[in-house]
2 protein chains.
Amino acid sequence: MARSTRESILTAAAELMRRRGYAGVAMKDIADASGAPIGSLYHHFRGGKAQIAREALANAGAAYGLLIPAVVDAYTDLGEAVQAIFDQAADDMEGTAFANMCPVGSVAAEVADTVEELRQTAGAVFEGWIAGGTAYFVARGVDERRARDLTTAVIGGLEGAFLLARTLRSVEPLRAAGRVLAPQYRGMALAAPVPEPAAAPS
Amino acid sequence: MARSTRESILTAAAELMRRRGYAGVAMKDIADASGAPIGSLYHHFRGGKAQIAREALANAGAAYGLLIPAVVDAYTDLGEAVQAIFDQAADDMEGTAFANMCPVGSVAAEVADTVEELRQTAGAVFEGWIAGGTAYFVARGVDERRARDLTTAVIGGLEGAFLLARTLRSVEPLRAAGRVLAPQYRGMALAAPVPEPAAAPS
DNA sequence: GTCTATAGAGGGATAGAC
DNA sequence: GTCTATCCCTCTATAGAC
């Protein structure tokens with residue numbers, strides 16, 4: 001769990017924002033959920049609410065960027081892998097009362113035209129996901145252009161399906177996206193996964 | 001243009017909310033943009049801000065639900081039609097400074113877990129789009145199950161690609177989604193479009 | 001039906017004791 | 001580094017004159 005006050009604030013903020021977005025979360029809510037008083041929030045984050053959101057998004061973005069490779073690692077057929085990504089997302093969502101999986105999508109929709117600072121942070125996260133996913137598929141033998149389009153479409157497809165699923169309270173949009181996207185990649189072999197270099201412990 | 005005060009309020013609200021979401025738009029903003037004073041907003045909409053959003057979403061939802069059939073009407077090949085949907089969306093977005101195309105997606109992300117009343121309205125709009133799109137493709141000779149999955153995936157793909165495009169300020173996600181989704185439908189013929197029964201003028 | 005003034009609640013942020 | 005009290009602003013909504 002989060003040990004320092006600073007970490008517990010970021011964890012609480014990410015958890016609240018993935019459900020309620022940016023404007024829907026008050027500093028008092030973050031204080032209550034993290035156990036820290038309001039003053040501590042401003043002590044650790046001079047930049048206030050926007051800075052907390054920035055760091056929470058960056059943290060969550062880094063963590064969630066590892067999920068697609070983690071799921072795909074187990075597969076040798078690209079079509080089955082794509083199907084698995086969406087099925088896994090559907091299963092997860094059913095276990096979380098249809099909360100968004102991660103705060104980046106929830107917040108990005110809200111701030112893309114209003115809080116330039118956060119738009120840039122969310123944009124950097126999306127770019128990192130696309131670059132990371134593309135590099136991963138290339139390492140497993142997929143052609144670069146195909147890898148980039150596939151990664152972009154999968155991430156966009158996931159975000160859109162999450163939006164429909166949360167709004168309709170049904171995982172059907174996630175399953176439908178998998179059924180539509182997967183077939184055309186069926187039969188395309190994936191090379192053996194390259195083991196991740198262990199990240200340096202902070 | 002909007003003639004009555006009531007209509008101009010709804011038009012202004014839809015335009016503001018597609019850019020800034022629900023919480024990001026204040027009643028004063030709607031008053032200023034529509035030209036009506038605050039008091040008139042509550043005179044015409046007893047239910048306050050939530051009622052304005054509800055009606056604005058329902059109006060916009062009905063209007064935007066006609067767009068996909070309108071684009072697809074011109075095509076006889078399903079693959080080309082799917083490509084055209086995403087290319088058209090990309091072209092439109094470039095002309096609007098990357099605003100979301102319609103307010104439903106912007107608002108839905110924000111209210112899915114917070115304002116139950118609006119979640120239901122947005123959900124009804126999405127359901128209407130899926131049902132309408134499915135019926136349209138079925139009328140043009142597509143198998144029912146395929147039509148439903150295709151429609152769901154296209155709508156989800158559009159919403160997700162809009163989110164990425166707005167956040168990254170680039171239409172590439174829309175073009176990539178088209179490039180990924182279209183090929184598998186190439187060669188599938190569409191039957192001649194059925195002319196729409198003219199809507200009764202209000 | 002139009003418009004102004006204001007109530008009442010809640011937001012982000014700060015000061016300063018401990 | 002922790003915590004409380006409080007400031008000031010903005011928000012939704014209402015009252016009531018015109």
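Each chain gets a letter, A, B and so on, in the order the sequences are listed, and its residues count up from 1. Please read these numbers as outputs of a predicted model, since none were measured by experiment.
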Peer 1: Mind checking side chain to side chain contact (heavy atoms under 4.5 Å, CB included) for A:Gln88 and listing every partner two or more places apart, or none if nothing turns up?
Peer 2: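 Per chain and number, A:Gln88 pairs via side chain to side chain contact (heavy atoms under 4.5 Å, CB included) with A:Val71, A:Asp92.
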Peer 1: Could you list all the salt bridge (charged side-chain N to carboxylate O under 4.0 Å, His left out) pairs where at least one residue sits in residues 125-136 of chain B, not counting sequence neighbours?
Peer 2: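 As it turns out, there is no salt bridge (charged side-chain N to carboxylate O under 4.0 Å, His left out) pair with a partner in residues 125-136 of chain B once direct neighbours are skipped.
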Peer 1: Would you jot down, in residue-number order, the residues of residues 26-44 of chain A having a non-hydrogen atom under 4.0 Å from DNA chain C?
Peer 2: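 Contacts with DNA chain C under 4.0 Å: A:Ala26, A:Met27, A:Ile38, A:Tyr42.
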Peer 1: So, using side-chain hydrogen bond (donor to acceptor under 3.5 Å, both in side chains) as the criterion, who are the partners of B:Asp91 when residues are at least two apart?
Peer 2: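 For B:Asp91, the residues satisfying side-chain hydrogen bond (donor to acceptor under 3.5 Å, both in side chains) (neighbours in sequence not counted) are B:Arg175.
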Peer 1: For chain B and DNA chain D, what are the first and last nucleotides along the strand, 5' to 3', with at least one atom under 4.0 angstrom from a heavy atom of the protein chain?
Peer 2: D:dC11 to D:dT14
Peer 1: In a table with atom names and distances, give each donor-acceptor pair under 3.5 Å that connects a side chain of residues 154-166 of chain B to protein atoms at least two apart or in another chain.
Peer 2:
unit_1   : atom_1 : unit_2   : atom_2 : d
B:Arg166 : NH1    : A:Asp113 : OD2    : 2.8
B:Arg166 : NH2    : A:Ala109 : O      : 2.6

Peer 1: Run the side-chain hydrogen bond (donor to acceptor under 3.5 Å, both in side chains) test against B:Asp32 and tell me which residues pass, sequence neighbours left out.
Peer 2: B:Lys28
Peer 1: For A:Glu144, look at atom CD and say whether over 12 heavy atoms of other residues, nucleotides or ligands are found less than 6.0 Å away.
Peer 2: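 It does not: A:Glu144 CD has 12 such atoms or fewer within range.
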Peer 1: Restricting to ring pair (Phe, Tyr, Trp, His ring centres under 6.0 Å), what partner residues turn up for A:Phe137, sequence neighbours left out?
Peer 2: none
Peer 1: Any ring pair (Phe, Tyr, Trp, His ring centres under 6.0 Å) involving residues 82-135 of chain B? Give me the pairs, sequence neighbours left out, ordered by first then second residue.
Peer 2: B:Phe126-B:Trp129
Peer 1: For A:Ser40, check side chain to side chain contact (heavy atoms under 4.5 Å, CB included) against everything at least two apart and list the hits.
Peer 2: A:Ala36, A:Pro37, A:His44
Peer 1: According to side-chain hydrogen bond (donor to acceptor under 3.5 Å, both in side chains), who are the partners of A:Arg179, at least two apart in sequence or on a separate chain?
Peer 2: A:Glu172, B:Asp149
Peer 1: Expected output is a numbered-order residue list: members of residues 14-25 of chain A with a heavy atom under 4.0 Å from any atom of DNA chain D. What is it?
Peer 2: none
